[in-house]
2 protein chains.
Amino acid sequence: MDQMEKVSVARTRRYNDFPRTPGQEDEQGLGEKRLWFFEEGDGERKDLLGGKGAGLAEMTQAGLPVPPGFTLTTEVCLAFYQAGRRLPDGLPAEIRAAMRELESRTDKGFGSSSNPLLVSVRSGAHVSMPGMMDTVLNLGLNDDTVIGLAKLTGNDRFAYDAYRRFMAMFGTIVLDIPKDEFDRVVDEAKQKAGVASDPELGADRWKEVIAQYREIVRVHTGEPFPQDVYEQLELAIGAVFDSWHSKRAADYRKFNKISDDWGTACSVCTMVFGNLGEDSGTGVAFTRDPNTGAKTLFGEYLRNAQGEDVVAGIRTPMKISDLQSSQPDVYAQFVAIAHSLETHYRDMQDLEFTVERGKLWMLQTRSGKRSAEAAVKIALDMVHEGLITTAEALRHVDAASLDQLFHARIDPHETYAVAGKGLNASPGAASGEIVFDADTAAERGNAGDAVILVRVETAPDDVHGMIAAKGVLTSRGGATSHAAVVARGMGKPCVAGFDAMTVDYRAKTATIGDAVLKEGDWVTIDGTTGNVVIGKLALIPPPSELPDWLSEFLGWADKAMRLEVWANADTPEDARKARELGATGIGLCRTEHMFMQQDRLPVVQQMIISDTPHARAEALARLLPFQKDDFAGILEVMAGYPVTIRLLDPPLHEFLPSLEDLLVETTELRMSTGEKDPLYQEKMRVLGRVRALHEENPMLGLRVCRLGILYPEIYAMQVRAIFEAACDLRERGVDVQPDVMIPGVGTIEEMRVTYDAAKAIADEVILTRGVEVPYRIGTMVELPRACVIAGELATIAQFFSFGTNDLTQTAYGYSRDDAEASFIPQYLEQKILKDDPFQVLDRVGVGELMRMGVERGRATRPSLKIGICGEHGGEPSSVAFCDELGLDYVSCSPYRVPIARLAAAQSALGS
Amino acid sequence: MDQMEKVSVARTRRYNDFPRTPGQEDEQGLGEKRLWFFEEGDGERKDLLGGKGAGLAEMTQAGLPVPPGFTLTTEVCLAFYQAGRRLPDGLPAEIRAAMRELESRTDKGFGSSSNPLLVSVRSGAHVSMPGMMDTVLNLGLNDDTVIGLAKLTGNDRFAYDAYRRFMAMFGTIVLDIPKDEFDRVVDEAKQKAGVASDPELGADRWKEVIAQYREIVRVHTGEPFPQDVYEQLELAIGAVFDSWHSKRAADYRKFNKISDDWGTACSVCTMVFGNLGEDSGTGVAFTRDPNTGAKTLFGEYLRNAQGEDVVAGIRTPMKISDLQSSQPDVYAQFVAIAHSLETHYRDMQDLEFTVERGKLWMLQTRSGKRSAEAAVKIALDMVHEGLITTAEALRHVDAASLDQLFHARIDPHETYAVAGKGLNASPGAASGEIVFDADTAAERGNAGDAVILVRVETAPDDVHGMIAAKGVLTSRGGATSHAAVVARGMGKPCVAGFDAMTVDYRAKTATIGDAVLKEGDWVTIDGTTGNVVIGKLALIPPPSELPDWLSEFLGWADKAMRLEVWANADTPEDARKARELGATGIGLCRTEHMFMQQDRLPVVQQMIISDTPHARAEALARLLPFQKDDFAGILEVMAGYPVTIRLLDPPLHEFLPSLEDLLVETTELRMSTGEKDPLYQEKMRVLGRVRALHEENPMLGLRVCRLGILYPEIYAMQVRAIFEAACDLRERGVDVQPDVMIPGVGTIEEMRVTYDAAKAIADEVILTRGVEVPYRIGTMVELPRACVIAGELATIAQFFSFGTNDLTQTAYGYSRDDAEASFIPQYLEQKILKDDPFQVLDRVGVGELMRMGVERGRATRPSLKIGICGEHGGEPSSVAFCDELGLDYVSCSPYRVPIARLAAAQSALGS
């Protein structure tokens with residue numbers, strides 16, 4: 001192990017964040033079998049053998065041609081780390097015994113100079129992490145065995161090529177020497193030989209390369225390149241285990257929400273060679289088309305090559321049909337194997353294989369990655385083929401991936417440079433000419449031009465411009481900024497908080513790095529990733545309707561799920577979309593967005609700035625018909641389904657001009673036209689009111705039901721509008737079911753006062769109109785205190801809807817806008833948070849408060865309807881948690897309804 | 001009951017907020033005896049008989065001279081409300097029977113025209129609410145009985161005077177007729193008669209007055225003045241019960257935190273007359289001096305008068321010694337009774353009595369209200385006299401009242417007009433000349449002038465002015481505004497958010513209503529009440545040291561209490577004060593206040609504005625010696641006691657100039673000197689950084705441990721300063737016990753990262769210095785999520801300190817600054833909140849989160865030290881709750897330490 005120790009030290013900089021615990025070097029508690037020959041393996045135990053090892057085992061047991069080999073389990077990997085990055089005691093001896101077994105099966109010798117056995121050493125985690133961890137091929141070559149290989153294959157060039165490949169790979173992966181040092185030697189050799197490609201170099205040239213490689217290794221490690229093949233093997237196994245904690249792999253896991261605690265398995269497999277001539281080759285294939293889902297073998301094949309040639313892009317592979325034409329028998333055998341593997345695994349497979357002098361060897365099988373569309377279509381086809389059940393089909397599709405289907409995206413054929421990355425505030429891509437004010441956006445957008453509205457931040461009086469624009473780009477603001485919330489509500493792409501951009505309204509320019517964009521210049525924004533691209537790109541639009549294949553598939557989900565899936569919708573258009581996408585109720589209709597529309601905002605502002613209750617009442621009377629129309633539209637679209645309408649929620653100053661802008665404007669007016677200027681005086685009056693309403697922490701200020709208690713006339717107007725609309729529709733025979741939701745209740749008295757006030761008006765309107773309107777009054781549970789007193793609240797409230805956005809804010813003490821712009825990214829980076837709690841519901845903290853709310857609420861009122869209307873309602877793992885908690889429904893934005901339906905089904909199926 | 005109903009309707013406007021429940025008119029569940037004669041009463045049952053009724057019962061049973069009578073219980077009052085403000089069924093008959101009993105005992109007839117029985121009808125709640133509820137005297141007089149009374153007393157003038165008094169009182173209280181209508185008639189009569197005072201009017205004049213009163217009653221009620229004495233009695237009893245829900249009484253209860261649910265009892269007592277000549281009179285007395293506690297009978301006596309003459313201020317009463325000189329026997333009898341009552345009740349008594357033609361009648365005894373100083377001294381004396389135990393003494397003193405002892409107050413002899421009321425942000429009174437900027441405040445204050453610093457808001461660079469000023473007055477900002485927090489920390493009077501005042505810095509004026517104050521004008525502020533007075537007032541300064549009598553008293557508290565009482569202190573001066581006042585530890589040392597001192601702030605600002613880590617490190621290195629000195633000072637003062645030092649907590653922008661000011665300043669510069677001006681450019685640079693640090697909701701932003709994780713060098717500097725200071729002191733043999741507190745931890749990883757980082761530095765310093773320093777690292781539990789994961793946190797944290805200010809903010813979703821300035825006052829008014837949860841710990845919500853935290857924390861680590869360092873730590877009922885929860889200590893501001901000691905003792909004693 002001396003050599004190992006030295007190497008470890010040399011590599012320390014990559015792993016210095018991994019705690020070394022010298023006291024625990026002895027292997028402990030590793031009761032299970034550590035080394036499994038492929039034919040012994042349990043194909044079900046991917047957790048132990050990794051995906052690759054389990055696949056090789058499964059194929060071997062099925063009698064498929066797999067080169068002999070064995071797998072070291074993921075538990076060995078964990079023991080390796082526990083032992084301070086050393087192979088656990090006794091394991092080297094086990095490995096030697098296994099190698100002797102391989103020698104006897106292949107009739108070759110490991111380290112033999114006459115008939116050398118070569119192996120590959122491959123990583124393989126529980127779930128696929130393609131390209132993220134290390135693999136070493138051709139291990140077992142040294143200055144002696146290379147001669148044996150040359151003799152055995154009768155191909156000097158092949159043997160020395162293999163050796164130099166192994167040395168470079170080993171040097172890079174195991175000895176941590178920069179790859180370009182090895183590459184440079186090959187480049188120089190080609191230059192010297194006057195050739196352009198590697199295959200043109202002969203054996204002698206490779207021998208020269210090998211000599212130089214030896215020197216590189218000596219300089220870097222202070223040792224010769226290891227000639228002992230067992231030393232090579234142990235070091236390579238250690239490197240594979242090490243690669244589990246490489247930054248690349250850790251980042252991949254973080255992004256894909258894979259636990260860091262699993263470890264990787266390591267498979268040692270006899271080498272077969274695809275580069276022994278034209279009757280050899282290497283290939284990869286999917287059993288169906290991973291882009292479209294079509295049932296055709298989809299893959300690539302490269303004659304006379306090893307796999308790494310394909311990966312390195314040195315040679316361009318042919319379609320798999322090349323194998324069909326060149327070696328029809330081998331192809332037929334492969335097709336049969338592919339079919340049998342798909343049938344065996346009941347899923348589309350991603351296969352790797354090698355043909356060595358006309359003999360087919362299977363090297364890997366695993367579930368193939370696929371687009372969302374392909375995933376659904378393959379699942380559908382397999383059900384129709386009788387291969388899988390609908391339950392399996394539902395489990396096969398990643399619920400979150402369905403999101404891809406509902407937004408425009410940048411055409412994958414486009415090549416482009418990303419100018420920077422902002423916050424992915426509202427998904428989808430948009431290309432357009434930039435404009436800097438809402439009026440221009442409205443004018444040009446309504447005239448049919450594609451425009452992107454670029455602002456520092458947006459405000460309520462920008463909404464008409466946002467409606468007309470293809471997308472919105474702001475330089476400030478987070479995921480709950482005005483731009484983000486309104487754009488999401490509209491289903492419009494938005495990149496927010498793009499702080500690499502400086503906007504100058506006066507000059508009408510946006511500066512991104514060195515680029516100064518003027519009004520009319522094109523940009524493309526991708527609200528799914530946050531990317532901003534200067535210039536126009538081709539986009540692929542989303543389907544205008546739910547395609548039949550998806551309807552059929554989600555129909556199965558509806559049958560499987562226990563939860564209902566409702567939608568958050570503020571307009572009749574949203575509600576219609578929600579119905580189309582399968583929502584069976586509206587869980588959150590935000591009335592404030594209605595207040596922000598261009599024709600109403602001046603009235604709303606008048607109401608807020610009013611000095612007298614009379615003036616306020618007058619403004620509210622003008623708003624009533626607007627609200628009534630809004631509600632009527634939504635209620636009618638949702639006939640037969642409940643519509644949960646939340647009374648006014650945000651602080652009033654959100655409807656007013658910004659304090660900062662007013663300070664600058666009034667100072668400018670004072671300095672230019674003076675204090676007598678009537679405009680100055682008017683602005684000062686507005687400033688006074690804005691300042692009076694200004695709050696240090698508006699999230700925690702005069703908003704939610706507090707607003708409705710201090711200004712009862714606002715809620716009264718809203719409730720009247722709801723029930724007048726409902727009565728109108730009932731009179732026309734429309735089955736409307738309005739539910740009134742009181743936001744932000746934290747005390748029983750708030751519940752009582754707002755409930756009584758709303759009920760009085762509802763009953764009065766219903767009585768006056770003389771029609772029946774079934775309705776409920778409930779509350780949004782979004783404060784920790786509400787969860788604690790849920791039992792009391794349920795004595796009054798007829799339903800609960802968890803507002804997990806605010807509940808997350810208050811449980812953690814995070815302001816989402818501020819947190820996502822400042823410390824959450826770093827918290828994720830430093831693993832202080834596993835996930836952004838605003839995206840994935842925090843089960844431990846927020847979840848426990850919810851559990852308390854559910855248990856206490858239902859203890860008081862067993863029939864209590866309980867849902868969730870925070871953004872988590874459309875995130876699959878959060879949906880599963882809501883199912884566990886026994887909620888009645890989840891409610892999410894319309895485009896996430898399909899995701900929630902599938903996630904609800906998967907949760908019910910226990911996937 | 002017809003008349004009653006009519007009257008009820010006439011009075012409805014006063015009670016329209018009281019729910020009428022017609023379905024519950026039948027009396028229900030009133031199992032207990034409803035009517036108690038005084039001799040039957042149980043003097044212990046104040047809850048049932050009210051304080052007055054219980055006192056009368058107790059005195060009657062003790063054989064003292066009490067006019068016969070009976071009491072209707074508080075339960076009758078509740079039944080009265082349940083029955084829709086009607087006397088419960090059957091009660092009128094019971095009352096008639098009781099009156100017949102009184103008739104037989106007094107040998108008089110109720111309604112008799114020959115020998116009329118008159119009664120008083122008095123309210124009396126569980127706890128004293130002096131003057132808050134109604135009393136009707138002389139009831140039983142009508143056009144017939146007045147003649148009988150005149151004959152019986154041989155005094156026409158007395159009889160008609162009594163009748164007109166009764167009519168006015170009944171008219172006002174029972175019939176709800178404005179009092180001034182009755183007063184006007186008397187004024188006119190005096191004018192007509194050409195006399196100045198009531199006693200100068202004769203019987204005939206009073207008869208004329210009575211005739212006019214009859215007319216007033218008829219006009220207002222549409223009915224004649226009731227002549228049926230039982231109708232009078234029932235209406236009066238109803239009015240007494242009604243007065244429980246009068247606005248005046250409700251406000252009093254709200255202010256004094258008395259439950260609205262108790263109701264008042266109603267005592268009906270035979271009238272005795274103090275106005276039957278010079279050998280008659282009426283008096284009130286305390287058994288000891290309620291101001292100083294001195295053991296002397298303290299009271300007033302008025303010959304030939306009824307009690308209301310004293311209350312109405314018509315005649316000025318004499319000292320009680322007047323009775324001694326005029327009727328020495330009666331006086332001696334009274335002194336003996338006073339002494340026996342005090343001995344009986346084991347408390348200082350507040351007595352009312354009447355002398356009727358030389359016979360002493362006792363009308364009331366109750367515990368007397370007293371100043372804090374008197375309360376403590378009386379308790380001490382009574383223990384020394386052997387009258388009560390120390391435990392009783394401790395229970396006798398209202399813990400909250402001790403606050404009075406530690407602040408200057410306006411001399412009670414001063415008369416003045418209050419110009420307005422702001423937020424009582426930091427207690428105590430101050431008088432001074434106003435100045436509008438910190439530099440002038442510092443200059444003049446340090447020169448010995450009394451100045452009040454008047455600002456719109458204060459900022460960190462005003463602190464040197466605040467230190468030199470006598471007090472601080474701001475027109476904006478709440479209880480956690482900079483001015484409030486810093487002033488409280490300094491123990492300096494502050495009235496904040498005084499929005500009736502407009503401050504003009506340029507003109508150097510402060511406008512309050514019509515008054516325009518200039519620099520140098522005097523104002524007096526009372527930070528205990530929030531009052532602002534224009535002009536200079538005499539103040540009574542607080543004692544400079546803990547007086548001996550208080551030390552002795554609190555020494556008993558220390559023996560009785562289970563909790564430890566620690567203090568929040570940021571400076572050595574604070575810590576010294578805390579020790580003097582009995583704190584046995586520092587539970588919260590806020591390091592940010594050290595950052596705000598004038599000599600450090602520029603360095604802090606440099607650190608924050610630094611673009612490079614290097615510049616930041618350099619600034620931190622300059623701060624290190626400052627912090628080390630700070631900590632050394634506090635640790636040395638607290639030798640032998642733990643000092644809990646909280647690492648930096650507030651958002652960084654709190655140390656920077658205000659964004660709003662910068663916006664105005666930069667706009668002014670741009671408009672005047674232009675964008676090339678270097679000052680403009682410098683200001684813009686600062687503006688840029690302030691804007692970058694600006695947050696929508698700073699309470700929930702980049703602060704607490706988040707700051708320490710994103711800028712680890714700040715916490716590293718602080719921890720180094722703590723342990724270098726500790727090692728210096730240890731080397732000098734000082735027993736220092738620093739505890740490091742990490743603020744705002746919400747996840748286990750935050751705890752782990754900050755704990756590890758702090759521990760590494762602490763151990764490194766200790767190891768380097770080679771001394772022993774015992775220390776702990778713990779966390780401030782101030783987020784709901786921290787309570788939920790307390791079990792996990794306790795695997796690392798060695799102590800918990802509940803930060804109930806922030807925990808209340810997050811549990812309720814209230815920003816204290818915003819809430820106390822906007823909706824909390826109205827919530828208290830509307831009874832949506834019983835108490836301001838920032839002043840009185842919310843047991844139901846916040847308390848349950850705390851309980852969860854305690855249980856889970858101790859389940860993991862039974863030895864976990866747990867305290868509270870929010871402002872609740874000095875509020876008596878909150879201290880009691882912390883005791884119930886089993887916390888180890890409460891920590892509060894130094895001047896509240898005596899309150900907390902007493903409250904902790906009272907809680908332990910189960911008072």
Side-chain angles (χ1 to χ4, degrees), chain A residues 478 480-481 499 659-660 663-664 666-668 670-672 691 695-702 704 706-707 709-710 744 746-747 749-750 753 782-789 792 806 809-819 821-823 826-827 830-833 842 844-846 848-849, chain B residues 476 478 480-481 659-660 663-664 666-668 670-672 692 695-702 704 706-707 709-710 744 746-747 749-750 753 782-789 792 806 809-819 821-823 826-827 830-833 842 844-846 848-849:
Chain A
T480 57
S481 64
D499 55 15
L659 175 62
E660 297 182 21
L663 281 169
V664 172
T666 51
T667 307
E668 283 176 351
R670 174 165 53 77
M671 301 287 288
S672 58
R691 203 196 274 290
E695 296 182 304
E696 289 304 309
N697 299 286
M699 219 303 280
L700 306 178
L702 179 51
V704 293
R706 300 158 204 165
L707 204 57
I709 290 170
L710 263 63
T747 68
E749 284 304 327
E750 286 173 328
V753 167
E782 51 186 336
L783 296 169
R785 196 175 191 280
C787 296
V788 173
I789 65 160
E792 243 190 310
D806 275 11
Q809 295 199 91
T810 45
Y812 276 91
Y814 293 172
S815 158
R816 181 171 185 178
D817 265 354
D818 301 312
S822 65
F823 60 85
Q826 193 157 339
Y827 266 30
Q830 280 187 249
K831 302 191 188 181
I832 286 172
L833 288 173
D842 160 45
V844 172
V846 177
E848 178 142 346
L849 291 171
Chain B
R476 272 218 300 272
T480 58
S481 64
L659 176 62
E660 295 182 23
L663 281 169
V664 171
T666 52
T667 307
E668 283 176 351
R670 174 164 54 75
M671 301 286 290
S672 57
E695 296 182 303
E696 289 303 310
N697 299 286
M699 218 304 278
L700 306 178
L702 178 52
V704 293
R706 301 159 203 164
L707 204 59
I709 290 170
L710 263 62
T747 69
E749 283 305 326
E750 286 173 327
V753 167
E782 50 187 335
L783 295 169
R785 196 176 191 280
C787 296
V788 173
I789 64 161
E792 243 190 309
D806 275 10
Q809 295 200 92
T810 46
Y812 276 91
Y814 294 171
S815 159
R816 181 172 185 177
D817 265 355
D818 301 313
S822 64
F823 60 86
Q826 194 157 340
Y827 266 29
Q830 281 188 250
K831 304 192 185 176
I832 286 172
L833 288 173
D842 160 45
V844 173
V846 177
E848 179 142 346
L849 292 170

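Quick note on labels: first sequence line is chain A, next is B, and so on, each numbered from 1.
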Which atoms of B:S672 approach chain A - backbone, side chain, both or neither, heavy atom under 4.5 Å: both
Counting heavy-atom pairs under 4.5 Å with chain B, the top scorer among A:L702, A:L663, A:L710 is A:L710
Contacting moiety of A:I789, where chain B heavy atoms sit under 4.5 Å: side chain
Quick check for you: among B:E696, B:E695, B:R706, which has the greatest number of heavy-atom pairs under 4.5 Å with chain A? B:R706
Could you look at B:L849 and say if it's the side chain, the backbone, both or neither that has a heavy atom under 4.5 Å from chain A? side chain
Let's test your reading of the structure: which of A:G701, A:G744, A:A811 forms the most heavy-atom pairs below 4.5 Å with chain B? A:A811
Chain B contact via A:V664 - which portion, at a heavy-atom distance below 4.5 Å: both
Give the minimum heavy-atom separation between B:V788 and A:V844, together with the two atoms involved. CG1-O, 3.4 Å
Which residue is it: A:D818, A:L700, A:D817? I am looking for the one with a side chain to side chain contact (heavy atoms under 4.5 Å, CB included) to B:N697. A:D818
So for B:L783, is it side chain, backbone, both, or neither that comes closer than 4.5 Å to the heavy atoms of chain A? both
For the interface with chain A, which of B:S815, B:G845, B:A786 has the highest count of heavy-atom pairs at distances below 4.5 Å? B:S815
For residues A:P784 and B:P784, report the shortest heavy-atom separation together with the two atoms involved. CG-CG, 3.5 Å
Stepwise salt bridge (charged side-chain N to carboxylate O under 4.0 Å, His left out) test for B:E668 and A:R670: CA-CA 9 Å; B:E668 283 176 351; A:R670 174 165 53 77; 2.7 Å; yes
Heavy-atom check, side chain of B:T747 versus side chain of A:Y812, under 4.5 Å: yes
Based on non-hydrogen pairs under 4.5 Å, which of A:E782, A:E749, A:R785 is most in contact with chain B? A:R785
Calculate, to the nearest 0.5 Å, the distance between atoms OG1 and CE belonging to B:T667 and A:M671 respectively. 9.0 Å
Identify which part of B:D842 has an atom lying under 4.5 Å from any heavy atom of chain A, answering side chain, backbone, both or neither. side chain
